[in-house]
Amino acid sequence: MKVMIAGGFGTGKTTMVRSVSDIKPLTTEETLTQASADVDHLIGVADKTQTTVSLDFGKIGINESLVLYLFGTPGQERFWFLWNGLFKGALGAVVLVDTRRLESSFRAIEEMERLEVPFVVALNVFPDSGNYPVEEIRDALDIPEHTPVVAFDARDRASSRDVLVALIHHLKQRSAVALEPR
């Protein structure tokens with residue numbers, strides 16, 4: 001099953017793929033340079049030194065019969081033209097959100113809706129993140145009630161796995177609703 005890990009610049013996509021993958025992930029990170037300073041705004045992520053320029057790839061076995069192939073998207077807008085191709089065949093997505101910079105994930109959420117990809121919102125907990133009620137975040141991001149919103153730590157394997165399990169449950173629930181007689 002193909003699952004996309006999406007979100008804005010510096011939200012923790014590569015970190016999540018690295019923490020949860022059963023294999024050594026393929027990453028396409030490059031060092032940030034002064035040449036990109038006008039394009040890659042480091043507000044809120046000033047310590048960031050590398051960025052994904054194409055995709056990250058990992059995989060995780062959830063059980064004996066279910067393997068998730070994880071594709072992490074690039075976060076900078078200048079690489080978003082890659083998203084259309086990357087999302088082909090994806091059954092669902094995780095949209096990472098940094099609560100310190102909600103606006104960095106607006107476009108990712110819009111793209112999930114435009115591409116009609118079912119998704120869950122994962123609030124990545126950073127050391128200096130505030131602790132906001134889920135409903136407050138849902139309202140700020142204009143997320144429908146049926147879309148799960150979960151807090152997690154992208155550095156922690158179990159926490160990242162739990163987000164993927166939440167996505168699987170969401171996909172199953174959507175399938176069940178779609179199959180209900182009308």
Whether [X] side chain and [Y] backbone form a donor-acceptor pair below 3.5 Å:
| X | Y | result |
| --- | --- | --- |
| Ser105 | Leu96 | yes |
| Arg114 | Ile109 | no |
| Ser19 | Ala154 | yes |
| Thr11 | Gly8 | yes |
| Lys24 | Gly58 | no |
| Arg138 | Pro144 | yes |
| Ser160 | Asp156 | yes |

Just verifying a value: how many Å separate [X] [atom1] and [Y] [atom2], rounded to the nearest 0.5 Å?
| X | Y | atom1 | atom2 | value |
| --- | --- | --- | --- | --- |
| Tyr69 | Ile60 | OH | CD1 | 12.5 Å |
| Arg101 | Ser129 | CZ | OG | 9.5 Å |
| Asn124 | Phe152 | CG | CZ | 4.5 Å |
| Arg155 | Arg18 | CZ | CZ | 14.0 Å |

| Side chains of Leu164 and Met16 in contact at under 4.5 Å (non-hydrogen atoms) |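 When only atoms from C-beta onward are counted, Met16 and Leu164 do touch, with a gap below 4.5 Å.
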| task | Evaluate the side-chain proximity of Leu171 to Met1: yes if any heavy-atom separation is below 4.5 Å, no if none is. | result |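 Touching, per the 4.5 Å side-chain cut-off.
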| request: Walk me through it: do Val150 and Asp162 pass the test side-chain contact (heavy atoms from CB on, under 4.5 Å)? | output: CA-CA 9 Å; Val150 295; Asp162 290 348; over 6 Å; no
| said: Using the side-chain contact (heavy atoms from CB on, under 4.5 Å) definition, which of the options Gln173, Arg174, His146 pairs with Pro118? | reply: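 Going through the options one by one, the only one that passes is Arg174.
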| request: May I have the step-by-step check of side-chain contact (heavy atoms from CB on, under 4.5 Å) for Leu167 and Val163, ending in yes or no? | output: CA-CA 6 Å; Leu167 174 62; Val163 170; 5.9 Å; no
| Run the side-chain hydrogen bond (donor to acceptor under 3.5 Å, both in side chains) check on Thr14 and Asp56 step by step: do they pass? | CA-CA 6 Å; Thr14 300; Asp56 298 317; 2.5 Å; yes
Same apolar cluster: [X] and [Y], side chain cutoff 4.5 Å:
| X | Y | answer |
| --- | --- | --- |
| Val94 | Val121 | no |
| Val67 | Met4 | yes |
| Phe57 | Ile62 | no |
| Leu123 | Phe119 | yes |
| Phe106 | Val117 | yes |

| side-chain contact (heavy atoms from CB on, under 4.5 Å) evaluation trace for Phe126 with Asp98 | CA-CA 8 Å; Phe126 289 89; Asp98 177 350; 3.6 Å; yes
| Using a distance-only test with no angle check, is there a side-chain donor-acceptor pair under 3.5 angstrom linking Ser159 and Asp153? |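 Ser159 vs Asp153: no donor-acceptor pair found between side chains.
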Nearest heavy-atom neighbours spanning [X] and [Y]:
| X | Y | answer |
| --- | --- | --- |
| Ala6 | Met112 | CB-CE, 4.1 Å |
| Val125 | Ala151 | CG2-CB, 4.4 Å |
| Thr147 | Val120 | CG2-CA, 4.4 Å |
| Asn63 | Leu66 | OD1-N, 2.9 Å |

| Working for salt bridge (charged side-chain N to carboxylate O under 4.0 Å, His left out), residues Asp22 and Arg157 | CA-CA 10 Å; Asp22 290 338; Arg157 178 177 173 83; 2.6 Å; yes
| message | If you count every heavy atom of other residues, nucleotides or ligands that lies below 6.0 Å from Lys59 atom NZ, does the total exceed 12? | response |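 Check fails, neighbour count at 12 or below.
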| Within a radius of less than 6.0 Å around CG of Asp139, do more than 12 heavy atoms belonging to other residues, nucleotides or ligands occur? |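 More than 12 heavy atoms, drawn from other residues, nucleotides or ligands, come within 6.0 Å of this atom.
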| said: Before you tell me yes or no, could you show the steps for Leu70 and Val3 under side-chain contact (heavy atoms from CB on, under 4.5 Å), namely the whole-Å CA-CA distance, both residues' side-chain angles and the distance that decides it to 0.1 Å? | reply: CA-CA 5 Å; Leu70 309 173; Val3 172; 4.2 Å; yes
| query | Is it true that Arg100 and Asp128 have a side-chain N and a carboxylate O under 4.0 angstrom from each other? | reply |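 Asp128 and Arg100: salt-bridged.
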